[in-house]
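Residue numbers start at 1 and run along the sequence shown.
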Amino acid sequence: MPEYPGAVAIAVENLSIAYGDRKVLNEASLTIHEGERCGLVGLNGCGKSTFMKILACAEEADSGRITRKKGLRTAYLPQEFTLNDSITVRENIRLGASHVIRAMTEYETLPHDSDRAHILENEIRSLDGWNLENRIDTVMTMLRCPPGDAIAGTLSGGEKRRTALAEAIIASPDLLLLDEPTNHLDADSIEWLEKYILSYRGACLFVTHDRYFLDRVTTGIVELNAGNFHSYRGHYSDYLREKAEQIERDDTAEAKRQKFLKKELEWVRRGPKARTTKAQYRVNRYYEMASEEKTEKEPGLELIIPPPARLSKQAVVLNDIAVSLGNRILFDRLSLEITPGAKIGIIGANGTGKTTLLKTILGIIQPSAGTVDISPGVRFNYIDQERILLDDTKNILEEVGEGYEHVMLGEEKISVWSYLRRFLFPDDRIRTKVGSLSGGERARLILAKILKRGGNFIVLDEPTNDLDLSTLRLLEDALISFNGCVLLVSHDRYFLNRVCEGIFSFEKDGKLRYYHGNYDYCISKRAELAAYEEEKKTERPETSPREKAKPRKLKWKEQQELDAMEQSIMDAETEIEELQAHFLRPDFFKESPDRVKEIQTKLDEAQLRKERLYVRWEELEAIKVN
């Protein structure tokens, strides 16, 4: 947070709102200054989205006061957004800049020397209005929006969300309210949005589960807990550190309080006569301390996935598979053994084929070439993007219990009530109707309902959407501890780093590559490969016009090289498989910790050698067919 914050953009005083007996905001106060970029965090259902709606004037509080800077312009991206389905994508986005367009339209009707024209000209210039269409083009490109002439009513949910986000940020408002802005964005779009927010001059308040995003762009974190706001300076990592220190201080204070109460209780029970002022003060002090409420802490529960059935040495084997969509090849020549305990992430831009790869591994989609061998003992548990339908008329207990009072976690039998507590549903919410839940609570309920099925190969498609940070940490810990296989599609970089030990990456050159390591390792290796390709281009000698006109043939040595290329590639792939097999053994890191670095280096070298061989093979083949 800036050392000297700007003027107040918006101030909230003693805001309260309740739904029945449940208080969402309880005389809460918060001030947001110009230039501040605040991340709003808290458990699902605590009232984050409700508060955003109140700030955006989409909902009213029961009591309290909101003071806005004079002329404050606000843009809002809600979780449940609406587009005008009858008009195009570009027309929807331009609605976000309607105030700019109105000013430009009025300016065009006025004499150039009028006072009003000068005022409007300055306003348009400050809003970068003359560059509006170029800005729309840039935003649409960077957010991977659908074509501008597409009718909004024909779009998918993800396409509509990207369009709604573009509409919100194109407005260049004084206050930008974003509820889960990174949902349905790929890594490149998220990085662009981070840079946009960092350069944004207005105030910004956003709710997101993307912890990298929070850590990179925030100047402060606002936590909503038990109906009140608690502000922390700095980035998300600063918030975590200060929060941990605060919890430690609260625990120390509570321990001292309990010690005091125990000592004073013994004195009070002896029934001393309060004949002196000091004795009366001691009695009053005891009752005052005893009546103090203990500091409310986040639930310290553990999300447990039912233990998996034992798997054989190879759960799934991909044998040189390829998948095409029409005339477009999504991926080819893909081979990999997925062994028990493997945790693999799939990343790439939207529309590249991530879900298709996932469904091919599941056996739902048949490859156009190669085979997918699934071990007979594999039991998939698939959580897809569309998730499952919930019955809004049932309560949480009925929806998950499905007529039963208990859930089996392997050999352990626990009540449905206890199972729901593991998913952070407090006792007073378990009988709440599903139709009354927030978006995040619904996502958590679906997760609870699906994970109780068990299985030894869990497959998740964008599992982090709509989950709060506490639930994300629980899910990460549960997946890390899970002894079966995990395969997931996600844009959540923090989640991928914590959970995954291998990454399938759909890359800009149209290729699908596998990296043995987490997300950060994958990104570093991609950068190395890109640098190598760039270096090759600069080393390639320029050909004269005469040489270009006359296609050359393979030289004898080049023909010999091409003839041996297939075997060289096979040898490199065999070496890679042998090296990867070490890492996929569950006991490798325990039994051979001193060999991890050595084998990883050999694996990196083998993968780079294979890439170079493929590049060289393509070069020689291109010369041969000339």
Exercise. Determine, step by step, whether Ile101 and Ser98 satisfy the side-chain contact (heavy atoms from CB on, under 4.5 Å) criterion, reporting the C-alpha distance in whole Å, the side-chain angles of both residues, the deciding distance to 0.1 Å, and the verdict.
Key: CA-CA 5 Å; Ile101 295 170; Ser98 56; 5.5 Å; no
Self-check item: Full working for side-chain contact (heavy atoms from CB on, under 4.5 Å) between Leu185 and Leu165
Solution: CA-CA 10 Å; Leu185 296 186; Leu165 175 58; 3.9 Å; yes
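- Contact annotation: the side chain of Asn14 never approaches that of Ser63 to less than 4.5 Å [non-hydrogen atoms, C-beta and beyond].
- Although no hydrogens or angles enter the test, the distance criterion places no donor-acceptor pair under 3.5 Å between the side chain of Asp391 and the main chain of Glu399.
- Side chains of Thr393 and Lys433 form no contact here, defined as non-hydrogen atoms less than 4.5 Å apart.
- A donor-acceptor contact shorter than 3.5 Å is absent between the side chain of Thr182 and the backbone of Ile190.
- A distance-only check finds a donor-acceptor pair linking the side chain of Lys48 to the backbone of Leu43 [under 3.5 Å].
- Residues Phe51 and Val207 fail the side-chain proximity criterion, which asks for heavy atoms closer than 4.5 Å.
- Ring-centre distance between Phe504 and Tyr515: not below the 6.0 Å cut-off.
- Salt bridge Arg161/Glu180: absent, no basic N to carboxylate O contact under 4.0 Å.
- A salt bridge links Arg90 with Glu133: the distance from a Lys NZ or Arg NE/NH1/NH2 to an Asp or Glu carboxylate oxygen falls below 4.0 Å.
- Remark: the backbone N or O of Phe423 is paired with a side-chain donor or acceptor of Arg444 at under 3.5 angstrom.
- Rounding to the nearest 0.5 angstrom, the gap separating the OG1 atom in Thr464 from the CG atom in Asp210 is 8.0 Å.
- Of all heavy-atom pairs spanning Gly345 and Leu496, the tightest one is CA-CD2, 4.0 Å.
- Nearest heavy-atom pair, Thr218 versus Gly39, reported as atom, atom and distance to 0.1 Å: CG2-N, 3.8 Å.
- Using a 4.0 Å cut-off between charged nitrogen and carboxylate oxygen, Arg233 and Glu242 do not count as a salt-bridge pair.
- Taking NZ from Lys354 and CD1 from Ile347, the interatomic distance works out to 9.5 Å, rounded to the nearest 0.5 Å.
- We find that Arg498 and Asp477 are joined by a salt bridge, their nearest charged nitrogen and carboxylate oxygen being less than 4.0 Å apart.
- Inter-residue side-chain proximity for Asp392 and Arg442 is flagged as met; some heavy-atom pair is nearer than 4.5 Å.
- In this structure, Ser505 and Cys522 approach most closely via the heavy-atom pair CB-SG, 4.0 Å.
- Only one option out of Ile364, Leu487, Leu460 pairs with Tyr382 in a side-chain contact (heavy atoms from CB on, under 4.5 Å); it is Ile364.
- Under the 4.0 Å criterion applied to side-chain N and carboxylate O atoms, Glu34 and Arg201 are not assigned as salt-bridge partners.
- Around atom CG of Leu110, more than 12 heavy atoms belonging to other residues, nucleotides or ligands sit under 6.0 Å away.
- Annotation: cation-pi pair Arg37/Tyr200 absent, no NZ/CZ under 6.0 Å from the ring centroid and within 45° of its normal.
- When only modelled atom types and interatomic distance are considered, Ser126 and Glu123 share no side-chain donor-acceptor pair under 3.5 Å.
- Atoms CG and OH, on Leu214 and Tyr239 in that order, are 10.0 Å from each other to the nearest 0.5 Å.
- With values rounded to the nearest 0.5 angstrom, Leu127 atom CG is found 11.5 Å from Ile170 atom CD1.
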Exercise. Evaluate side-chain contact (heavy atoms from CB on, under 4.5 Å) for His230 paired with Asn228, printing each intermediate quantity in order.
Key: CA-CA 7 Å; His230 307 275; Asn228 286 287; 4.3 Å; yes
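- A heavy-atom distance below 4.5 Å is not found between the side chains of Thr31 and Ile10.
- Look at Asp174 and Lys70 and you find no salt bridge, because none of the NZ, NE, NH1 or NH2 atoms lies under 4.0 Å from a carboxylate O.
- In this structure, the side chain of Ser16 engages the main chain of Glu27 through a donor-acceptor pair within 3.5 Å.
- Between the side chains of Thr163 and Asn92, no donor-acceptor pair of N or O atoms lies under 3.5 Å.
- Looking at every heavy atom in both residues, Ile93 comes nearest to Cys145 through CD1-SG, 4.5 Å.
- A salt bridge is defined here as a Lys NZ or Arg NE, NH1 or NH2 lying under 4.0 Å from an Asp or Glu carboxylate O, and Arg125 with Glu121 meets this definition.
- Looking at Arg493 and Glu194, a side-chain N of the basic residue comes within less than 4.0 Å of a carboxylate O on the acidic one, giving a salt bridge.
- Ring-plane geometry between Phe331 and Phe506 is classed as perpendicular, the angle between the planes exceeding 60 degrees on a 0 to 90 degree scale with a lower cut at 30.
- For Arg211, the salt bridge (charged side-chain N to carboxylate O under 4.0 Å, His left out) partners two or more places apart in sequence, or in a different chain, are Glu476, Asp492.
- Rounding to the nearest 0.5 angstrom, the gap separating the OH atom in Tyr514 from the CD1 atom in Ile346 is 10.5 Å.
- Around the CZ atom of Arg333, the shell of radius 6.0 Å holds more than 12 heavy atoms that belong to other residues, nucleotides or ligands.
- Of the possible donor and acceptor atoms, one in the side chain of Thr88 sits under 3.5 Å from a partner among the backbone N and O of Glu91.
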Practice problem: With side-chain contact (heavy atoms from CB on, under 4.5 Å) as the test, would you mind laying out the steps for Leu512 and Glu507 before giving the verdict? | Solution: CA-CA 6 Å; Leu512 171 62; Glu507 306 195 346; over 6 Å; no
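- In this structure, Pro463 and Leu447 have side chains that are not in contact, with every pair of non-hydrogen atoms separated by 4.5 Å or more.
- Note that CG of Asp62 and CG of Leu25 are 9.0 Å apart. Values are rounded to the nearest 0.5 Å.
- Aromatic ring centres of Phe206 and Phe213: separated by under 6.0 Å.
- Judged by distance alone, the side chain of Thr352 and the main-chain N or O of Gly348 form no donor-acceptor pair under 3.5 Å.
- In this structure the side chain of Thr208 never reaches within 4.5 angstrom of the side chain of Asn183, judged on heavy atoms.
- A side-chain donor-acceptor contact under 3.5 Å links Tyr196 to the backbone of Ile169.
- In this structure, Thr360 and Ile321 have side chains that are in contact, with non-hydrogen atoms separated by less than 4.5 Å.
- Of all heavy-atom pairs between Ala168 and Leu77, the closest is CB-CB, 4.3 Å.
- Under 4.0 Å is where a charged nitrogen must lie from a carboxylate oxygen, and between Arg144 and Glu159 no such pair does.
- Of the charged side-chain nitrogens involved, at least one lies within less than 4.0 Å of a carboxylate oxygen, so that Asp128 and Arg135 count as a salt-bridged pair.
- Side-chain atoms of Thr138 come within 3.5 Å of backbone atoms of Asn134 as a donor-acceptor pair (strictly under, hydrogens ignored).
- Smallest separation of non-hydrogen atoms from Leu30 and Ser231: CD1-OG, 3.7 Å.
- A cation-pi contact links Arg216 to Tyr212, judged by a cut-off of 6.0 Å to the six-membered ring centre and 45° from its axis.
- A donor-acceptor pair under 3.5 Å is absent between the side-chain atoms of Asp215 and the main chain of His235, judged by distance alone.
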Quiz prompt | Residues Asp85, Lys160; criterion salt bridge (charged side-chain N to carboxylate O under 4.0 Å, His left out); working and verdict | solution = CA-CA 10 Å; Asp85 285 346; Lys160 285 186 175 182; 3.6 Å; yes
